[in-house]
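One structure below.
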Protein chains: 2
Amino acid sequence: MTVLNSAAATQAAVSPLKVTPASPLFLREDEIRRGIELLYFGYTSMIRGADAILEAQGLGRAHHRSLYFIARRPGLSVGELISLLGITKQSLARVLNDLGNRELVEQRVGVVDRRQRLLTLTASGAALEARLFTELERSMARAYGEAGQQAVTGFWAVLMGLVPPADRPQVEALQG
Amino acid sequence: MTVLNSAAATQAAVSPLKVTPASPLFLREDEIRRGIELLYFGYTSMIRGADAILEAQGLGRAHHRSLYFIARRPGLSVGELISLLGITKQSLARVLNDLGNRELVEQRVGVVDRRQRLLTLTASGAALEARLFTELERSMARAYGEAGQQAVTGFWAVLMGLVPPADRPQVEALQG
DNA sequence: CAGATAAGTCAACATGACTGTCCTTAATTC
DNA sequence: GAATTAAGGACAGTCATGTTGACTTATCTG
C-alpha cells in the first residue's frame, strides 16, 4: 500500500497549489472562519469518497471508523476503541456485532488481561479496509501533492493544535 | 469579534508548535494515515466545544451549521444553503422550521426572484451564532497561534486540495 | 401559455448516536 | 478467600439527522 501517486508527486515538485497566504494578522475573524470552513469542507470531501463502497456493503461510516482503527492498531481492545471513537459501549456494540456477523472482525481473549477482547480484521475485513483506505488515500495524496511537503507539515501542526493537549498523547500513540 | 488571542499570538511569535515534519516521501502510507487521523481528531475536537451551548438550547449540530452559514452569508437562499450543506430539501426543512419557530432565523421573499426565500438571522439568532462562533474561534485561534502563520497557509492549502476542484469555487465564494 | 424551477409539506424509513439497567467473567485488593 | 472493581455483552427505549418519494404552490422563462 506504500504507493506513490506519481502524478500528484510530480505536480508537487512543479507547482504547489496557490492559496491566499495567511496574513500577519492571521487571527482575524475572517481567517478563523476560513479555517473553520476549509476544515468542514475538506473533511467531508475526504470521507465522501468511501461512501459508495460502504453503501454497497450495507455499512455506514461508523463501521468504517471501526475498521480503520482496527486496521491501524490490530489487537486493540474494545475499551481502547471506545476511547478513540469517543462513543459509548452500547453504540459501539451494534457496530461491532455487525462487523462480527459479516466476518470482517474477529475477537480474541486478551493474553495479559483475559477480561479484554482484542480486535483484529479477518482477511475479508482487511481487504475491505484496504479498498476504503485507497479511497481516502487518493483524496489525501492528491491534496498533499498539490500543496507540497512544507504545507503538509503546517497542516499537521494546525490540526494537532486543535486537539486538546490532554488528548494529544492518544493521537500520537496511534501514529507511533 | 475581531479579537486577538494575545497569549496564543505571543506564543506564535516565540515558539511554533513542534510536530514531526513531513518527510520527502510524504506520500507514504503512514503519512497519509497521519493526515487522515489528524483531520478526524482535529475536526471533532473543534466542533465539540460548541456542543454544550447547543444542547442547552435543545439544538444539534445540524442547526449550528445552518446558523453558521446564514451568519456568514446573510440573505442566502434556501437552495444555496442546501447546496452548501449537501443535504436534501426535506432534511433542511426540519432544521429551518426549528430555527424559525425559535425566532432565530427569518425568511424574506427574494427581490430579484420572488420564488426564493432569503435567510437572515434575527437579533437573538445572531447572538447565539456569535456565542457558538466564539467557541470555535477559541479552538482555532489557539491552534493557529501554536502552529504559526506559515503553518496556517499550509493548513489551508492541503484542505483546499481535499475539496474536489468542481466544488472549490463554492468554497472560495463563501470567503470572497 | 407551457414547462421548468424554488420552496414547502407529509409520510415512511435508516443510521448512529444516546441513556439506563442488568448480567457475566475476570482481575485486583483487602 | 471474600469483596470490590473493571471489561465487556445484552436488552430496551429515545433522539437527531439524514434519506426517498409524492404532491402542492408560486413564480419565472421560453
Side-chain angles (χ1 to χ4, degrees), chain A residues 40 43-44 47-48 50-70 75-102 105-120, chain B residues 40 43-44 47-48 50-70 75-102 105-120:
Chain A
Y40 170 71
Y43 178 72
T44 58
I47 62 177
R48 191 166 302 134
D51 285 352
I53 298 172
L54 288 167
E55 194 181 358
Q57 307 280 325
L59 300 174
R61 289 177 179 176
H63 302 94
H64 187 187
R65 287 194 289 274
S66 287
L67 287 175
Y68 181 93
F69 285 120
I70 298 170
L76 91 173
S77 71
V78 172
E80 288 167 341
L81 185 52
I82 286 170
S83 170
L84 278 172
L85 294 173
I87 61 175
T88 61
K89 178 178 60 161
Q90 296 88 333
S91 295
L92 180 59
R94 181 178 28 206
V95 172
L96 241 33
N97 285 333
D98 287 348
L99 296 175
N101 291 338
R102 284 173 162 79
V105 166
E106 279 179 343
Q107 304 193 357
R108 307 187 320 275
V109 170
V111 248
V112 301
D113 186 337
R114 292 168 45 83
R115 291 173 304 182
Q116 294 182 329
R117 298 294 176 269
L118 308 184
L119 304 165
T120 51
Chain B
Y40 171 70
Y43 177 72
T44 58
I47 61 176
R48 191 166 304 132
D51 285 351
I53 298 172
L54 287 167
E55 192 180 359
Q57 307 281 327
L59 301 174
R61 290 177 179 176
H63 302 93
H64 186 186
R65 287 194 289 274
S66 287
L67 286 175
Y68 180 92
F69 286 119
I70 297 170
L76 92 173
S77 70
V78 171
E80 287 166 343
L81 185 52
I82 286 171
S83 170
L84 278 172
L85 295 172
I87 61 176
T88 59
K89 178 178 60 163
Q90 296 91 330
S91 294
L92 180 60
R94 182 174 29 209
V95 171
L96 240 34
N97 284 333
D98 287 348
L99 295 175
N101 291 337
R102 284 174 163 78
V105 167
E106 279 178 344
Q107 304 193 354
R108 307 189 319 276
V109 169
V111 249
V112 301
D113 185 338
R114 292 170 46 82
R115 291 172 305 179
Q116 292 184 330
R117 297 296 176 270
L118 307 185
L119 304 165
T120 51

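Reminder, nothing fancy here: chain letters follow the sequence lines and each chain counts from 1.
When all heavy atoms of B/K89 and B/I82 are compared, the closest pair comes out as CA-CD1, 3.6 Å.
Along DNA chain C, the nucleotide nearest B/L96 and the nucleotide nearest A/D98 are compared for position; the residue whose nucleotide lies closer to the 5' end is B/L96. With DNA chain D read from its 5' end, the first of the two nearest nucleotides for A/Q107 and A/R94 is the one closest to A/Q107. Mapping A/E80 and B/G58 onto DNA chain D via the closest heavy atom, the residue that lands nearer the 5' end is A/E80.
B/Q116 contributes no side-chain N or O that forms a donor-acceptor pair with the base of C/dT5 under 3.5 Å.
Once you apply a 4.0 Å limit to the heavy atoms of chain B, the touched nucleotides of DNA chain D run 5' to 3' over D/dT17 to D/dC28.
Remark: B/Q90 is not in phosphate contact with C/dA11, judged by side-chain N or O atoms under 4.0 Å from OP1 or OP2. Look at A/R117 and you won't find any side-chain N or O under 4.0 angstrom from OP1 or OP2 of C/dT24. Between C/dG16 and A/S91, no contact under 4.0 Å exists linking OP1 or OP2 to a side-chain N or O.
As judged by a 4.0 angstrom heavy-atom cut-off over every strand, A/A93 is placed among residues making no nucleic acid contact. Across all strands, A/E55 comes closer than 4.0 Å to no nucleic acid atom at all (heavy-atom distances). Residue contacts for A/R61: at a heavy-atom cut-off of 4.0 Å it reaches the sugar-phosphate backbone alone, with no base atom in range.
At least one side-chain heavy atom of B/L81 sits under 4.5 Å from a side-chain heavy atom of B/L96.
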